[in-house]
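Everything numeric in this text was worked out from a predicted model, so none of it was measured.
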There are 2 protein chains.
Amino acid sequence: MPSRLPSAPRTGRPRSAAADAAILEATRAALVELGWSKLTLGDVASRAGVAKTTLYRRWAGKNELVVDAVAVLFDELELPDRGSLAADIEGVVLQFAAILDRPEAKTALMAVVAESTRDEPLRERIRTSIVERQKRLVLEGRSRAQARGELPLEKDPTAAARTADLIFDVVAGAVVHRALVSAQPVDEEWAARFTRLLVGGLAGD
Amino acid sequence: MPSRLPSAPRTGRPRSAAADAAILEATRAALVELGWSKLTLGDVASRAGVAKTTLYRRWAGKNELVVDAVAVLFDELELPDRGSLAADIEGVVLQFAAILDRPEAKTALMAVVAESTRDEPLRERIRTSIVERQKRLVLEGRSRAQARGELPLEKDPTAAARTADLIFDVVAGAVVHRALVSAQPVDEEWAARFTRLLVGGLAGD
DNA sequence: CAGTTACGCTACGACCCGTAGCGAAATCTG
DNA sequence: CAGATTTCGCTACGGGTCGTAGCGTAACTG
């Protein structure tokens, strides 16, 4: 990961990998208990059994630390083949909703996005650590649907990439908005209605 | 508005309405210059030419103040009749994107949503002050489209309300995700592609 | 007029920030 | 093994913000 600070040459005492893991775990625990705004780096350090200075040697600040602590949560997402495009979409929507249901995920995700509006490096880091990694789901779901004949092939690669970006923003955006802004449950029923809308469109039957 | 603190009886010196306006304006200005995280209530007070204590007499904290300061921005949204459902959607998407392009709007909106994940009263306040107010756009757009014959009538009122909520989450969520998470421009081309997807669906022509 | 409430101002303890400086521990090199 | 190098835990610090209390004054009511 390009996540940490300058990091090391090859001589001298190496950085403790166990400390890294303990810090990230402590960060998630602190997010659950305190939320973003009341989380302090001093508290994280003492939870992790680490000196505060050690923390500052590895991360520039709260923003960077929390991105690293939370990014891994989104790697749990999978796209098992459920036999149809609609079923695949419903499945991933419910998985995504389950992650957003975890308190550390929702408070951290929105907060770092808010911070990123005034911090270009942070924005790039969110893109590479979280957003860009999960587009794999869209690509895989679409290629499956094309193999099934549910979706037409798209020849122009740049147009195909734009379509994938668009679908990703629609799916992820809708789920996030429903769960965090409207503050309503993303349950099976909502997922089914959303999928029906996405596949068939407003005008669809 | 149920926005301020306890507020007043009818005897004694009345609260200055001018101070209210000055505080909210100063809050927006501070958001532009400093962003959410570096905004301090002491700074807002001095910008507004008001004592810090006055500020605390009216708002419980940063969260509540910023919600009030930003909510008014979203009231600018309108839905002029452009003759077709697709054109109406494109129009409101671009308007929404223009608001999210303002630095005070994006930094504040995401930050208060993040805070609201651990603060039920704040979540309710966001719902009533911002989210619920703008659903009027969905309702109006749909009733126009139904009058044009572009969309079928929905008889069951609860089903109709659910559909409206769903569409709102999809539209607002997609625009927010595109603009703030993916950090890509919401321009005419994207709006057109999104509208085509929403109206026709993934399988659409 | 007296009663009541808002205002500006000052001051305060509490907390967190981010950094500096120290001696000790861990690892690589010759 | 000796020396160089880097990390580690610890303590301490100045600087900043928080949210509140207290006071005298201003504005409005009856």
Check: Taking atom C1' of C:dA6 as reference, at what distance in whole Å does atom CG of B:L55 sit?
Finding: 14 Å
Next item on the list: Compare the minimum distances between each of D:dG19, C:dC7, D:dT7 and the side chain of A:R58, then state the nucleotide with the smallest one.
Entry: D:dT7
Item checked: Protein-nucleotide distance (A:I23, atom CD1; D:dC8, atom C1'), rounded to Å -> 11 Å
Next item on the list: Write down the distance between CZ (A:R57) and C1' (C:dA26), rounded to a whole number of angstrom.
Entry: 14 Å
Next item on the list: Can you establish whether the number of heavy atoms outside B:E124 located under 6.0 Å from its atom CD is more than 12?
Entry: yes
Next item on the list: Between D:dC10, C:dC17, D:dC18, spot the one nearest the side chain of A:L41, thanks.
Entry: C:dC17
Next item on the list: Could you tell me whether the side chain of A:R13 has a donor or acceptor atom within less than 3.5 Å of a complementary atom in the base of C:dA25?
Entry: yes
Check: When the distance from CZ of A:R15 to P of D:dC8 is rounded to whole Å, what number comes out?
Finding: 6 Å
Checklist line | Within 6.0 angstrom of A:E78 CD, more than 12 heavy atoms from elsewhere | finding: no
Checklist line | Quiz item: cation-pi between B:K62 and B:W36, 6.0 Å / 45° | finding: yes
Notebook entry, point to check: Below 4.0 angstrom from OP1 or OP2 of C:dG8, is there any side-chain N or O of B:T54?
Noted result: yes
Item checked: Which residue lies more 5' along DNA chain C, comparing A:K38 with B:V50 via nearest heavy atoms -> B:V50
Check: How long is the line joining OH of B:Y56 and P of D:dT17, in whole Å?
Finding: 11 Å
Notebook entry, point to check: Starting at the 5' end of DNA chain D and moving along, which residue's nearest nucleotide shows up first, B:K52 or A:P14?
Noted result: A:P14
Note to self: Need one value for B:S16: base, sugar-phosphate or nothing, where a base atom within 4.0 Å counts as base even if backbone is also close, heavy atoms only.
What the structure shows: sugar-phosphate
Next item on the list: Send over the distance from B:D43 CG to D:dC18 C1', rounded to a whole Å.
Entry: 14 Å
Notebook entry, point to check: Quick one: which of D:dC18, D:dG9, D:dT20 gets closest to the side chain of B:T40?
Noted result: D:dC18
Note to self: Quick one about A:D75 and A:Q134 (side-chain donor to acceptor, distance below 3.5 Å, no hydrogens or angles considered), yes or no?
What the structure shows: yes
Check: Given atom CG of B:L34 and atom C1' of D:dT17, what is their separation to the nearest angstrom?
Finding: 13 Å
Item checked: Closest to side chain of B:T11, choosing from C:dG8, C:dT19, C:dT5 -> C:dT5
Check: So which nucleotide from D:dC18, C:dT10, D:dT7 ends up closest to the side chain of B:T53?
Finding: C:dT10
Next item on the list: Taking atom types as modelled, find out whether A:R193 and B:T163 have a side-chain donor-acceptor pair closer than 3.5 angstrom.
Entry: yes
